[in-house]
Amino acid sequence: MIQGTVNGAAQRFDGPVNVRQVLEKLSMAGKKVAVERNGEIVPRSLHQEVMIENGDQLEIVVAVGGG
Amino acid sequence: MSDPLVIAGKSYASRLLIGTGKYRDFAETRAAVEASGAEIVTVAIRRTNIGQNANEPSLLEALPPSKFTYLPNTAGCYSAEDALRTLRLARELLDGHDLVKLEVLGDPHTLYPNMPETLKAAEQLVKEGFKVMVYCSDDPIQAQMLEAMGCVAVMPLASLIGSGMGILNPWNLQLVLEKAKVPVIVDAGVGTASDAAIAMELGCDGVLMNTAVAAAKKPVLMARAMKKAVEAGREAFLAGRMPKKLYSAAPSSPTEGKISSKAA
């Protein structure tokens with residue numbers, strides 16, 4: 001089992017997962033989001049390659065209204 | 001396009017930049033943006049709500065980036081590091097879009113900018129290839145520093161964010177304007193149309209606002225008023241106003257050819 005946080009909340013994954021699979025699990029696949037893993041950007045082109053490791057901190061963001 | 005606003009080599013017909021926060025819904029956001037005529041819209045970058053309805057409408061659908069120039073901001077960041085992370089995420093989110101609004105706040109009550117952190121972040125962002133429009137205090141020296149670092153626009157406050165207090169220190173804005181070679185855009189503090197006009201009459205290159213429109217009783221109507229105010233202020237600036245005098249011994253009507261007073 002792999003444990004990490006996504007947007008500050010704990011998340012568990014049964015087996016090895018990549019960033020794309022995390023997005024799928026959270027119903028965000030195909031949505032316009034950006035992902036940061038442990039403070040570093042994970043480019044969209046690498047979502048299938050970058051694997052989640054224990055203790056990873058993911059941030060998934062979108063654009064919202066702001067001034 | 002006559003008299004465009006040129007930022008980082010790109011021309012914009014509108015000198016009004018508008019924020020997309022605090023509206024009732026996306027329909028109102030869109031209507032207000034359209035009424036304002038703004039081409040550049042600021043957006044914030046925030047965590048997705050995990051578990052939210054997957055079909056919930058998104059800002060990107062309401063305001064398609066193909067139609068508007070997005071200006072992702074770092075609102076809510078209190079350190080250079082947070083601002084850098086936010087804008088790197090924004091660039092990734094918006095497919096390499098590199099025009100950004102940097103703001104690093106110093107205090108959650110006043111939202112006054114933290115200039116040392118702003119300068120630190122600006123320097124790094126320019127190194128990373130961002131085109132940085134920077135919210136700053138109206139200190140002419142620090143505005144020059146930001147320009148020297150390579151920021152593409154300096155955006156001094158007219159008064160505090162969300163205060164609607166208007167142009168509190170036109171003298172400092174003039175000092176900033178006197179030295180700046182990049183566009184100077186008043187960001188924050190505008191409350192109503194006359195404030196926007198005053199900023200433009202001073203010679204500012206543009207005005208950025210959010211609350212003045214979104215918190216008006218009729219936001220779409222206020223957006224239209226702001227469009228006119230920015231245009232009127234710009235034209236008045238270009239026209240060159242008459243000098244102020246305490247009184248004038250030169251009335252507008254001829255002093256010659258008046259009928260004579262009736263003989264007593």
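Worth knowing before you read on, the calculation uses all heavy atoms, side chains too, and leaves out hydrogens, waters and symmetry mates. Below, chains carry the letters A, B, ... as their sequence lines are ordered, and counting in each starts from 1.
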Top contributor to chain A interface from [options] [non-hydrogen pairs under 4.5 Å]:
{"options": "B:Thr42, B:Leu59, B:Val41", "value": "B:Thr42"}
{"options": "B:Glu92, B:Arg47, B:Arg85", "value": "B:Arg47"}
{"options": "B:Asp95, B:Ile161, B:Leu84", "value": "B:Asp95"}

In terms of heavy-atom proximity below 4.5 Å to chain A, should [X] be classed as side chain, backbone, both, or neither?
{"X": "B:Glu81", "result": "neither"}
{"X": "B:Lys101", "result": "side chain"}
{"X": "B:Leu60", "result": "side chain"}

Chain B contact via [X] - which portion, at a heavy-atom distance below 4.5 Å:
{"X": "A:Val42", "answer": "backbone"}
{"X": "A:Ile60", "answer": "both"}
{"X": "A:Glu40", "answer": "neither"}

Keeping the roles fixed (side chain from [X], backbone from [Y]), state whether a donor-acceptor pair exists under 3.5 Å.
{"X": "B:Asp205", "Y": "B:Pro183", "value": "no"}
{"X": "B:Ser14", "Y": "B:Glu39", "value": "no"}
{"X": "A:Thr5", "Y": "A:Gln57", "value": "no"}

Discussion item. So, applying side chain to side chain contact (heavy atoms under 4.5 Å, CB included) with B:Leu208, which one of B:Ile40, B:Leu71, B:Leu16 is it?
Written reply: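 Going through B:Ile40, B:Leu71, B:Leu16 one by one, the side chain to side chain contact (heavy atoms under 4.5 Å, CB included) with B:Leu208 is satisfied by B:Leu71 alone.
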Item to complete: Kindly compute the distance separating OG1 (B:Thr69) from CG (B:Leu63), expressed to the nearest 0.5 Å.
Response: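 Rounded to the nearest 0.5 Å, the OG1-CG separation comes to 11.5 Å.
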Worksheet entry | Electrostatic pair A:Glu53:A:Arg37 at N-O distance under 4.0 angstrom |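 Result for this pair is yes, salt bridge flagged.
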Worksheet item: What option among A:Gly67, A:Ala34, A:Gly8 has the most heavy-atom pairs under 4.5 Å with chain B?
Response: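 Among A:Gly67, A:Ala34, A:Gly8, the one with the most close pairs to chain B is A:Gly67.
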Discussion item. Please find the pair of heavy atoms, one from B:Leu105 and one from B:Glu103, that lie closest to each other, and give the distance.
Written reply: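 Residues B:Leu105 and B:Glu103, closest heavy atoms: CD2-OE1, 3.7 Å.
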